[in-house]
Engineer: 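Take this structure first; my questions come after.
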Amino acid sequence: MYKAPGWRLLEILYALQLMFECVCTLERTCNSRIGIHKQKEFEYFSCAWCYDFLFQTTHKTLIASDVVHFLYHTIEDRIILPDINNQTDVNDICSTLDKDECHRWQTCCSAASACCQKQLSVPLGDLNNTCDRTWDGWICWDDTHPGQHVYQSCPLYLTFSVPSRQAVKTCLSNATWERREGFEWTDYQTCLYVDDLKTSIYIGFACSLVSIAALFPAVVIFIRYQALRKQHRIRLHINFFMSLLLKESAVALWDMLVTFERITNSDSSSTVLAQNGAGCKTLSFLKIYAKAASFTWMFCEGYYLHRLMSDAFSPPRSLIPIFVAGWAIPFVSTLIYAILRIVYANESCWSTSYGHFEWIFDAPNLACLLVNLIFLCNILRILLTQIQSHPNEPSHFRRAVKATFVLIPLFGVQLFVTIYRIPTSSPGGLEYERFSIVTNNLQGFFVALIFCFLNNEVSSHIQLQRCFNKLVISNIRRSWRRRVRDRGASHSRRTNMTSINMSLTSRTDADFHHVNKHLCDIKNENGGCSPDKGDNMFCPYDENSVKSVPKTDFSNL
């Protein structure tokens with residue numbers, strides 16, 4: 001255990017030791033923002049400064065020094081060696097942190113150690129004409145030519161940072177890194193400020209929902225009407241719309257389930273990106289594949305239309321090769337990329353850039369756009385050639401211009417303005433980022449609007465179907481009314497027959513009573529009815545007869 005004066009003395013002795021070692025040894029060293037050190041000492045220094053840089057609080061339990069590779073415990077007045085390979089030291093340091101902070105600190109130390117190994121493995125460049133490779137405390141930077149800005153994805157051990165944002169470091173014209181307050185300086189503003197990123201996520205998510213809301217009914221309409229579904233052009237539209245629908249769905253899920261969760265969860269070690277699970281990688285694979293498929297189907301649309309325009313009398317007889325190419329080619333390129341990521345860089349759900357390997361799917365995407373641009377220019381040439389044969393009809397020229405603009409979102413030509421990504425830390429970078437988000441995510445909305453909802457052929461089929469539906473509904477109503485009318489007439493006839501029966505029954509009853517009364521009057525004149533004589537006659541008006549004989553209801557006859 002050392003006292004504070006001993007801590008200062010240790011710094012002085014260690015500085016003298018470093019000066020002696022630099023004179024007496026030619027061993028290669030690793031470079032950082034605080035100096036040049038041998039590999040083991042570099043790892044200790046970088047770990048100490050990872051703690052200091054990550055947890056910049058007012059009252060620190062441990063503090064780092066730019067002279068000695070130890071952490072000084074301000075409460076217990078002792079020093080700790082920041083060795084991540086020694087579990088005792090790790091536990092000692094992590095006792096001052098929570099679980100998430102301890103994980104972030106160890107991740108930073110591991111990144112620093114990997115940076116030193118990378119510096120030692122790469123041959124030395126021209127030290128006089130480049131800014132030296134270095135570790136700035138959070139990120140490893142390679143040799144850089146003077147007058148350049150270099151960018152690196154924000155590390156995940158920074159609170160709320162996402163790999164889609166980048167830090168920037170400037171190599172000055174004199175082949176030295178930009179310095180502030182006596183130290184090499186790196187701009188991490190885009191990594192640490194999350195409000196702008198939240199706004200960009202909201203914009204992208206809203207645009208994706210708009211495209212999904214337009215693409216889904218468009219696909220349903222194309223499939224619903226058989227007359228449309230049989231056309232080759234509409235079949236290509238269906239597949240292209242489905243690829244855009246898949247892309248927008250994957251992007252929306254990624255933005256909300258991965259990116260937004262990363263910048264809103266204070267426990268960075270429990271985020272989806274940090275856990276690097278199979279579900280997150282599957283979603284990343286789906287996002288990359290859907291994007292590549294959308295570019296491939298743009299090419300398929302351009303190829304088919306160019307084929308019709310250049311040789312209208314020999315259109316493709318079968319679309320099966322186009323279907324296979326549209327879905328299989330992007331799957332192969334994405335699968336190759338996924339295998340390489342699993343083997344060499346299986347981290348952060350593949351959200352960080354993998355350098356030149358990104359060209360595995362970026363090169364085919366860019367090739368599709370370039371070929372489509374050639375197709376569009378040739379289609380415009382064909383239209384202008386046809387217009388020259390009718391120079392006195394300006395309406396043809398307007399139609400040609402209109403057709404060209406209509407084909408822009410279908411061929412994806414507007415995506416050329418979003419190929420080069422201006423870093424958000426550059427002037428205008430944030431505005432360009434949001435413009436790119438709107439341009440990419442609203443493509444599905446515009447193609448659905450132009451080629452489905454505003455298409456005259458589709459509208460005519462819908463109107464025809466509405467007329468047919470109205471005719472069917474009218475026939476159903478007419479038939480229903482006829483049935484109701486027939487039922488009413490039948491009920492009226494049954495009611496009339498019942499009334500007639502009731503009338504006849506009442507008349508019969510009256511006649512019977514009249515005859516019976518007449519007979520009873522005759523009997524009474526002759527001395528009354530005599531049951532003993534075998535006479536079955538009875539008089540309903542006779543009190544005794546009424547009590548002894550039951551009444552008969554003729555209404556049931």
Engineer: Would you call the rings of Tyr188 and Trp138 parallel, tilted or perpendicular, where under 30° means parallel and over 60° means perpendicular?
Structural biologist: perpendicular

Engineer: Would you mind telling me which of Leu236, Val371, Ile322, Asn372 makes a side-chain contact (heavy atoms from CB on, under 4.5 Å) with Tyr303?
Structural biologist: Ile322

Engineer: Have Tyr157 and Gln106 got a donor and an acceptor in their side chains that come within less than 3.5 Å?
Structural biologist: no

Engineer: Looking only at the side chains, is there a donor atom on one of Trp135 and Asn31 sitting less than 3.5 Å from an acceptor on the other?
Structural biologist: no

Engineer: Regarding Glu43 and His37, is there a side-chain donor-to-acceptor distance under 3.5 Å anywhere?
Structural biologist: no

Engineer: Looking just at side-chain N and O atoms, do Thr418 and Tyr432 make a donor-acceptor pair shorter than 3.5 Å?
Structural biologist: no

Engineer: Could you tell me how the ring of Trp297 sits relative to the ring of Phe323: parallel (under 30°), tilted (30 to 60°) or perpendicular (over 60°)?
Structural biologist: tilted

Engineer: If we count only N and O atoms by modelled type, under 3.5 Å, do the side chains of His149 and Thr170 hold a donor and an acceptor together?
Structural biologist: yes

Engineer: Scan Thr134, Asp136, Thr186, Thr144 and name whichever one has a side-chain hydrogen bond (donor to acceptor under 3.5 Å, both in side chains) with Lys169.
Structural biologist: Thr186

Engineer: Could you tell me if Asp187 and Tyr151 have a donor-acceptor pair between their side chains, going purely by distance under 3.5 Å?
Structural biologist: no

Engineer: Please work out whether the ring planes of Tyr289 and Phe331 are parallel, tilted or perpendicular, with thresholds of 30° and 60°.
Structural biologist: perpendicular

Engineer: Is a donor from one side chain sitting under 3.5 angstrom from an acceptor on the other, for Ser200 and Arg434?
Structural biologist: yes

Engineer: Using a 3.5 Å distance criterion without hydrogens, assess whether the side chain of Glu248 forms a donor-acceptor pair with backbone atoms of Leu245.
Structural biologist: no

Engineer: Testing the 3.5 Å rule here: is there a donor-acceptor pair between the side chains of Asn239 and Trp327?
Structural biologist: yes

Engineer: Classify the side-chain pair Thr176/Asn174 by whether it contains a donor and acceptor separated by less than 3.5 Å.
Structural biologist: yes

Engineer: Do the side chain of Glu301 and the main chain of Phe411 share a donor and acceptor less than 3.5 angstrom apart?
Structural biologist: no

Engineer: side-chain contact (heavy atoms from CB on, under 4.5 Å) between Ile63 and Leu71: does it pass, once the steps are laid out?
Structural biologist: CA-CA 5 Å; Ile63 58 175; Leu71 285 169; over 6 Å; no

Engineer: Hey, is the main chain of Pro364 close enough, under 3.5 Å, to the side chain of Trp359 for a donor-acceptor pair?
Structural biologist: no

Engineer: Assess the residue pair Thr199 and Ile203 against the criterion (side-chain contact (heavy atoms from CB on, under 4.5 Å)); give the C-alpha distance rounded to whole Å, side-chain angles, the decisive distance to 0.1 Å, and a yes or no.
Structural biologist: CA-CA 6 Å; Thr199 303; Ile203 294 174; 4.1 Å; yes

Engineer: Please table the atom pairs, donor to acceptor, closer than 3.5 Å between any side-chain atom in residues 440-447 and protein atoms at least two apart or in another chain.
Structural biologist:
{"residue": "Asn440", "atom": "ND2", "partner": "Ser436", "partner atom": "O", "Å": "2.6"}
{"residue": "Asn441", "atom": "ND2", "partner": "Gly204", "partner atom": "O", "Å": "3.0"}
{"residue": "Asn441", "atom": "ND2", "partner": "Ser208", "partner atom": "OG", "Å": "3.2"}
{"residue": "Gln443", "atom": "NE2", "partner": "Pro409", "partner atom": "O", "Å": "3.0"}

